[in-house]
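This report concerns only the one structure given below.
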Amino acid sequence: MRYLQRIYAVLVLASFVAVAPAGAEMPLPLADSPEDVGLSASQLARLEAVTREHIDSGLVPGAVMLVVRQGKVAWFKTLGYRDRAANDLMRPDAIFRIYSMTKPIVSVAAMMLVEEGRIQVTDPVARFLPEIGKMKVGVEKADAAGKPTLELVEPENPMTVQDLLRHTSGLIYGARGHSLVNTAYVQARLGDREASTEQFVSRLSALPLRFPPGTRWEYGVSTDVLGRLVEVVSGKTLSAFLAERIFQPLGMSDTAFYVPAGKMARAAQPWQRPDGPPMTRRFDVAQQPRFESGGGGLTSTMEDYLRFALMLSNGGELGEQRLLGRKTIEFMTADHIAGLPGRPPGLGFGLGFEVRRRVGGAGLPGSVGEYGWAGNAGTLFWIDPKEDLIAIYMVQVSDGDRIMLRNQFRTMVQAAIVD
């Protein structure tokens, strides 16, 4: 069975090279061996062995893993099950919930509008979404009885498009804290897939900001608001804009906000680990949602996301298709936090990506200038310009396991760089 998987993987990898946007060629040959591009085959074999152990133990249903270096596919593995409950093996073209790996894509969409002169990163969000301009900062204070209450105060500065892109907007994810503002976000049920993006912003605008915009970094629903901004400025739904301006030019034919019926046999599914905690609830990929979440709603494949990553690493173009200018990519992948609190040591944040500021302090190996992001179901990608490397990890695991698995993948890939 593993032999058949290897044969299938070779065929799919061949399609990476052969299939490209109209009029373009994707320069993605296979390396003769990992050593051919300065990677250790034995270290990558360790990574494969560890992943197989996770699959055997039930921690991971299945995985698709890829390392590209020096313009060549250095290592590609398809392991385990696409749907373990159905005993169906993982496929190289499996479609995954990529959750927050949606954010870099929507950030690129916004920067395309910036390049067209239709918005600027310094523009107030309220210029396009007036209801956002009505939001106040929730300051937690104790009343006369000592009970915590919220005082709503005017923010010192308006929320800008840059704040949405770099997560300094004051907008949060409610489940990531226990303040009164966090509780309000949870109670508002902002993730309702039956509400439109317009309704999402309307509900959100009735809530308080966690902090004044531009004063700190905190992860949250900023990119969902950015997705609505793209809709308002472009006059198109987010799905239509992404399909027309990003997915079709790059040949990302399997990336969307849901999986159509004809592709459901390729959908990667989570699996309840025996004797483990309850599996994190995942959205139904077969359902076409009204809420097209710019922060976490897309599904995609390894091949599609590789195309997107190649466009970024190539300075905004893939083949003959240019989405952004080189200087725009440089701007997006620079650190925009500039010492604001909220980020881990050594790690900044650009316009849609985490950005490595220094080698030490972060707890994970890496290069200054590398950038990327991850998704709630365990998916991960990063691009390292210094090492000329792209790595992508595709899994569907429980929330409590994702960080360990991603960190393990990242650390073991970094250890494979020997030349």
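For the single chain, residues carry numbers from 1 onward in sequence order.
In this structure, Arg228 forms no cation-pi arrangement with Phe200, as its terminal cationic atom is not both closer than 6.0 Å to the ring centre and no more than 45° off the ring axis.
The pair Glu354-Arg166 does not count as a salt bridge, with every side-chain nitrogen at least 4.0 angstrom from each carboxylate oxygen. Contact check on Glu48 versus Lys77 returns a salt bridge, with a Lys/Arg side-chain nitrogen under 4.0 Å from an Asp/Glu carboxylate oxygen. Between Arg69 and Asp388, none of the side-chain N atoms (NZ, or NE/NH1/NH2) sits under 4.0 Å from a carboxylate O, so this pair counts as no salt bridge.
Once rounded to the nearest 0.5 Å, the distance linking OG1 of Thr168 with CG of Leu340 reads 7.0 Å. Taking CD1 from Ile119 and CE from Met111, the interatomic distance works out to 8.0 Å, rounded to the nearest 0.5 Å. Annotation: the span from Ile132 atom CD1 to Leu164 atom CG amounts to 7.5 Å, rounded to 0.5 Å.
Taking the six-membered ring where tryptophan is involved, the planes of Phe409 and Tyr393 are essentially parallel, since the angle between them stays under 30° and well short of 60°.
Under the ring pair (Phe, Tyr, Trp, His ring centres under 6.0 Å) rule, Phe353 has a single partner from Trp382, Tyr371, Trp373, which is Tyr371. The side chain to side chain contact (heavy atoms under 4.5 Å, CB included) with Phe291 is formed by just one residue from the set Asp192, Asp224, Leu238; it is Asp224.
Ile105 has its side chain within reach of Leu242: a pair of non-hydrogen atoms, C-beta onward, lies under 4.5 Å apart. At a threshold of 4.5 Å between non-hydrogen side-chain atoms, the residues Leu59 and Met404 count as touching. By the 4.5 Å heavy-atom criterion applied to side chains, Ser169 and Pro213 are not counted as neighbours. When side chains are defined from C-beta on, His54 counts as touching Gln408, because their heavy atoms get closer than 4.5 Å.
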Audit row: Glu370, Arg357, salt bridge (Lys or Arg N to Asp or Glu O under 4.0 Å) steps and yes/no: CA-CA 8 Å; Glu370 72 179 26; Arg357 297 176 57 207; over 6 Å; no
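The main-chain N or O of Asp254 is found under 3.5 Å from a side-chain atom of Asp304 such that the two form a donor-acceptor pair.
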